[in-house]
Amino acid sequence: MNESYILGHSERELERLNQQARFIDPITRRFLLSAGLLHGMRVLDVGSGAGDVAFLAAELVGAAGEVVGTDRSPDALATARRRAETRSLPNVEFREGDPAEIAFDRPFDAVIGRYVLMFQPDPAAMIRSLVARARRGGLIFFHEPDFDGVRSFPPAPTYDRCCRWNSETLRLSGADVRMGARLFSTFIGAGLPPPSLQLETLIAGPADKTDPLDLFADLAETLAGAMDRFGVATPEEVGLETLRERMIAEAAAAGSVIQGRFEIAAWSRV
């Protein structure tokens, strides 16, 4: 993981990731099934954080399979291990460090990651370093966002501004907010065969549900300090205390349909 990772691993951020997973896990699950993650596979999860993708993979590979999650943050992994114990998942373990450098006893059937490449200075180099962890014919899979998908119609200006604040703050920190759209060229640049691609997004009317609004309001809370430091938006402009409520009320009054970022997956075999 890039040392300049802006989101950090505070207790509040790990809780945000948990809430994010409630919305995004169903999408990642469909992507993994399309990619061919099967019962009995041995899986390496890169950049596990609090463990959400590792737990999702464990569900798909079943008791006959195995999932090894990796992360550089001991705080995130402590949370992941507690959650695995609570869920009674003996086939999931977590290792601290760079997965390209950790010594594993045998190769994996699949190497997977979500929202990892966008924070790497050289995503293709990262993938190249991970290919050696997969067996011949093994699966390489990444799920990344593309913030260009965000929009509302009729326009909900506060939601649109919040999305721009988040996207610009991440961009200024060094993250690639269009990583999802770059997955194809990144896999090619890593020397892999042309990957298969799949795209989904969250979309809702606020009278129905508020998933995209909730995701961006939560992200704004994590990024608020950096927004101010980078000159993207002041605390007064953001107004965290009422941001979510203002976005919902405005979108409801306009009858807006709210669309989240594009969620894009790419996978190939070595």
Side-chain angles (χ1 to χ4, degrees), residues 4-28 49-50 52 114-119 143-182 199-264:
S4 63
Y5 180 63
I6 190 174
L7 299 176
H9 297 95
S10 67
E11 184 175 342
R12 192 264 159 203
E13 171 58 13
L14 293 176
E15 176 57 29
R16 184 193 72 82
L17 292 176
N18 185 35
Q19 293 301 317
Q20 175 180 260
R22 292 195 304 110
F23 302 127
I24 303 301
D25 276 1
I27 296 175
T28 305
D52 293 297
R114 180 171 74 190
Y115 303 165
V116 174
L117 297 179
M118 67 180 291
F119 296 106
H143 171 178
E144 299 289 333
D146 180 352
F147 280 68
D148 193 54
V150 174
R151 62 206 62 192
S152 62
F153 186 82
T158 303
Y159 172 73
D160 294 340
R161 279 196 300 273
C162 179
C163 296
R164 286 197 298 271
W165 293 334
N166 287 332
S167 178
E168 181 65 4
T169 303
L170 287 168
R171 187 189 68 79
L172 289 171
S173 79
D176 186 348
V177 295
R178 300 296 313 276
M179 188 65 234
R182 295 187 221 281
L199 180 151
E200 291 196 27
T201 191
L202 295 174
I203 187 168
D208 175 29
K209 56 183 179 177
T210 60
D211 296 359
L213 293 165
D214 292 336
L215 277 177
F216 279 95
D218 284 349
L219 183 57
E221 184 173 347
T222 291
L223 293 174
M227 286 180 192
D228 193 24
R229 290 196 305 274
F230 291 149
V232 174
T234 66
E236 292 74 23
E237 288 175 304
V238 177
L240 279 177
E241 297 81 3
T242 61
L243 178 61
R244 180 179 182 276
E245 290 72 18
R246 284 184 285 123
M247 288 197 295
I248 292 173
E250 187 177 88
S256 302
V257 172
I258 302 297
Q259 183 174 304
R261 64 206 175 205
F262 291 142
E263 306 290 337
I264 302 176

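Considering only heavy atoms from C-beta on, R178 stays 4.5 Å or farther from F147 through its side chain.
The structure places OG of S256 at 12.5 Å from CD1 of I248, a figure rounded to the nearest 0.5 Å. Here the CD atom belonging to Q259 is positioned 5.0 Å from the CZ atom belonging to R151, to the nearest 0.5 angstrom. Note that CG of L17 and CG of D218 are 10.0 Å apart. Values are rounded to the nearest 0.5 Å. With rounding to the nearest 0.5 Å, the separation of CD in Q19 from CG in D211 is 11.0 Å. In this structure, CG in D214 is found 8.0 Å from CE in M247, a value given to the nearest 0.5 Å. Taking OG1 from T222 and CD1 from I6, the interatomic distance works out to 10.0 Å, rounded to the nearest 0.5 Å.
Considering all non-hydrogen atoms of both residues, I264 and A181 come closest at CD1-N, 3.8 Å. The two atoms that bring E237 and W165 nearest to each other are O-CH2, 3.4 Å, heavy atoms only. Smallest separation of non-hydrogen atoms from P212 and I258: CB-CG2, 3.6 Å. For the pair A217 and L243, the tightest heavy-atom approach, listed with the atom from each and the gap, is CA-CD2, 4.4 Å. Considering all non-hydrogen atoms of both residues, E200 and I27 come closest at OE1-CG1, 3.6 Å. Considering every non-hydrogen atom in both C162 and A220, the closest pair reads SG-CB, 3.9 Å.
Under a 3.5 Å cut-off, the side chain of E263 and the backbone N or O of I24 do not form any donor-acceptor pair. Of the possible polar contacts, one joining the N166 side chain to the F216 backbone as a donor-acceptor pair under 3.5 Å is found.
A salt bridge between E221 and R12 is present, with a side-chain N of the basic residue lying under 4.0 Å from a carboxylate O of the acidic one. In summary, E168 and R171 engage in a salt bridge, as defined by a charged side-chain N under 4.0 Å from a carboxylate O.
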| said: Please determine whether side chain to side chain contact (heavy atoms under 4.5 Å, CB included) holds for the pair D176 and E144, giving the CA-CA distance in whole Å, both sets of side-chain angles, and the decisive distance to 0.1 Å. | reply: CA-CA 10 Å; D176 186 348; E144 299 289 333; over 6 Å; no
| message | I'd like to know whether R16 forms a side chain to side chain contact (heavy atoms under 4.5 Å, CB included) with L219, so could you lay out the CA-CA distance, the side-chain angles of the two residues, the decisive distance to 0.1 Å, and finally the verdict. | response | CA-CA 8 Å; R16 184 193 72 82; L219 183 57; 3.9 Å; yes
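No side-chain donor-acceptor contact under 3.5 Å links R246 and T158.
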